[in-house]
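What follows is a single structure, written as structure tokens, with notes after it.
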Amino acid sequence: MSTTWLPPEQYAETLMKATAFACLFFTDEEDRPLQLRAVYSQEHPWQWPGGTMDPGERPWETAVRECREETGMTVEGPTRLLAAVYGLPGAQWPYSTIGFVFDGGRLTADRIAGITLDPAEHDEVRVLSPEQWRARMPERDFARLRAVLEARRTGVTAYFDTWGWDA
């Protein structure tokens, strides 16, 4: 088998295309997860502050920027990675998706009360126990929530082969 050398820009055109996102996972001081209700998704309404990476941005920078835009909170590092995500192209998105879930830490009641949502993206913030979240989320979303809680507890990063938006 022979290989033909291609200039980098031509070789890059032959590679998989992907988008990337990053988000922050917060809990209150009692380790109850905080989530935001998205105004644009009935199928997956509860989400963590985060979003798509901009060109030239690193994952942590994306998580911090998106958190500030969506909640008004400024977060500083260092932080740790709780989960990594990879999703194949699907019916709803033509590219692979790569994602990073970072630990945003524990928030005081005052900090939670000070959250200012971007109404174009979210209309509610809630802090609930895992049992209370289970009743409000699709099972796959809840499984991810459980896995991220476990990753925070054990220090072992979770990995998801899909974010499950097509399901």
Side-chain angles (χ1 to χ4, degrees), residues 3 5-27 33-107 115 117-118 120-122 125 130 133 136-167:
T3 58
W5 183 88
L6 294 174
E9 62 279 357
Q10 287 180 3
Y11 177 66
E13 289 302 315
T14 71
L15 299 176
M16 168 188 86
K17 305 299 183 264
T19 58
F21 72 89
C23 59
L24 287 164
F25 176 77
F26 295 101
T27 62
L34 177 144
Q35 295 194 84
L36 311 177
R37 186 171 64 191
V39 298
Y40 50 82
S41 178
Q42 297 297 326
E43 296 82 23
H44 304 278
W46 294 101
Q47 303 173 3
W48 303 316
T52 305
M53 290 174 60
D54 287 342
E57 214 172 30
R58 296 174 191 270
W60 172 247
E61 293 169 333
T62 298
V64 169
R65 175 184 54 77
E66 286 282 346
C67 182
R68 185 178 57 254
E69 291 173 3
E70 294 179 359
T71 68
M73 288 192 302
T74 300
V75 179
E76 297 178 9
T79 189
R80 81 183 150 124
L81 184 65
L82 293 177
V85 180
Y86 177 79
L88 291 168
Q92 293 182 353
W93 190 247
Y95 300 110
S96 294
T97 302
I98 299 167
F100 305 90
V101 181
F102 293 101
D103 191 345
R106 291 173 176 85
L107 301 175
I115 290 174
L117 297 176
D118 175 354
E121 294 196 53
H122 302 97
V125 59
W133 278 122
R136 289 172 172 79
M137 301 174 72
E139 186 54 39
R140 283 179 93 171
D141 293 2
F142 182 72
R144 286 191 298 269
L145 174 65
R146 254 193 344 243
V148 169
L149 279 166
E150 182 71 5
R152 182 194 257 185
R153 187 185 69 75
T154 64
V156 177
T157 303
Y159 172 73
F160 304 104
D161 276 329
T162 181
W163 201 237
W165 294 118
D166 283 340

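All values below come from the heavy atoms of this structure, side chains included, with hydrogens, waters and symmetry mates left out.
Within 6.0 Å of atom CZ in R58, 12 or fewer heavy atoms from other residues, nucleotides or ligands are found, so the atom counts as exposed in its surroundings. Other residues, nucleotides and ligands place more than 12 heavy atoms under 6.0 Å from the CD atom of E9. More than 12 heavy-atom neighbours from other residues, nucleotides or ligands sit within 6.0 angstrom of CD on Q10.
R136 CZ to D141 CG: the interatomic distance, rounded to the nearest 0.5 Å, is 14.5 Å. Rounding to the nearest 0.5 Å gives a distance of 7.5 Å between CD1 of I115 and SG of C67. Note: W133 CH2 to L145 CG = 8.0 Å, rounded to the nearest 0.5 Å. Distance NE2/H122 to CG/L117: 7.5 Å, rounded to 0.5 Å. Summarising the geometry, atom CH2 belonging to W48 is positioned 13.5 Å from atom CD belonging to E70; distances are rounded to the nearest 0.5 Å. One distance of note links CD of E57 with OG1 of T62; it measures 3.0 Å at 0.5 Å rounding.
Between W60 and F100, the closest side-chain pair of non-hydrogen atoms is not below 4.5 Å. Side-chain contact check for L6 versus E13: every heavy-atom pair is 4.5 Å or farther apart. The side-chain heavy atoms of F160 and V148, taken from C-beta on, include a pair separated by under 4.5 Å. For the pair M73/L107, a side-chain contact is recorded, criterion being any heavy-atom separation below 4.5 Å from C-beta on. Counting only heavy atoms from C-beta outward, the side chains of V125 and L34 approach each other to under 4.5 Å. Put simply, the side chain of M53 reaches to within 4.5 Å of the side chain of P59, judged on heavy atoms. Looking at M137 and Q35, their side chains come closer than 4.5 Å, going by heavy atoms from C-beta outward. F21 is listed as a side-chain neighbour of V85, based on a closest heavy-atom distance under 4.5 Å.
With hydrogens and angles disregarded, a donor-acceptor distance shorter than 3.5 Å links the side chain of T79 to the backbone of D103. Although no hydrogens or angles enter the test, the distance criterion places no donor-acceptor pair under 3.5 Å between the side chain of R68 and the main chain of V75.
Ring geometry, Y95 versus W93: the interplanar angle exceeds 60°, so the pair is classed perpendicular (tilted spans 30 to 60°).
Shortest non-hydrogen contact noted between E66 and G50 is OE1-O, 3.4 Å. Residue L149 comes nearest to P130 through the heavy atom pair CD1-CG, 3.7 Å, listed as atom of the first residue, atom of the second, then distance. For P49 against L36, the heavy-atom pair with the smallest separation is CG-CD1, 3.9 Å. Nearest approach of A147 to A158, heavy atoms of both residues: O-CB, 4.2 Å. In terms of heavy-atom proximity, V39 sits nearest to A120 at CG2-O, 3.3 Å. Nearest heavy-atom pair across Q47 and A38 is NE2-CB, 3.5 Å.
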Open item on the list: Let's go through W5 and Y11 carefully: what are the C-alpha distance in whole Å and the side-chain angles of both, what is the deciding distance for side-chain contact (heavy atoms from CB on, under 4.5 Å) to 0.1 Å, and is it a yes or a no?
Closed with: CA-CA 8 Å; W5 183 88; Y11 177 66; over 6 Å; no
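Using a cut-off of 4.0 Å between Lys/Arg side-chain N and Asp/Glu carboxylate O, E61 and R65 are scored as not salt-bridged.
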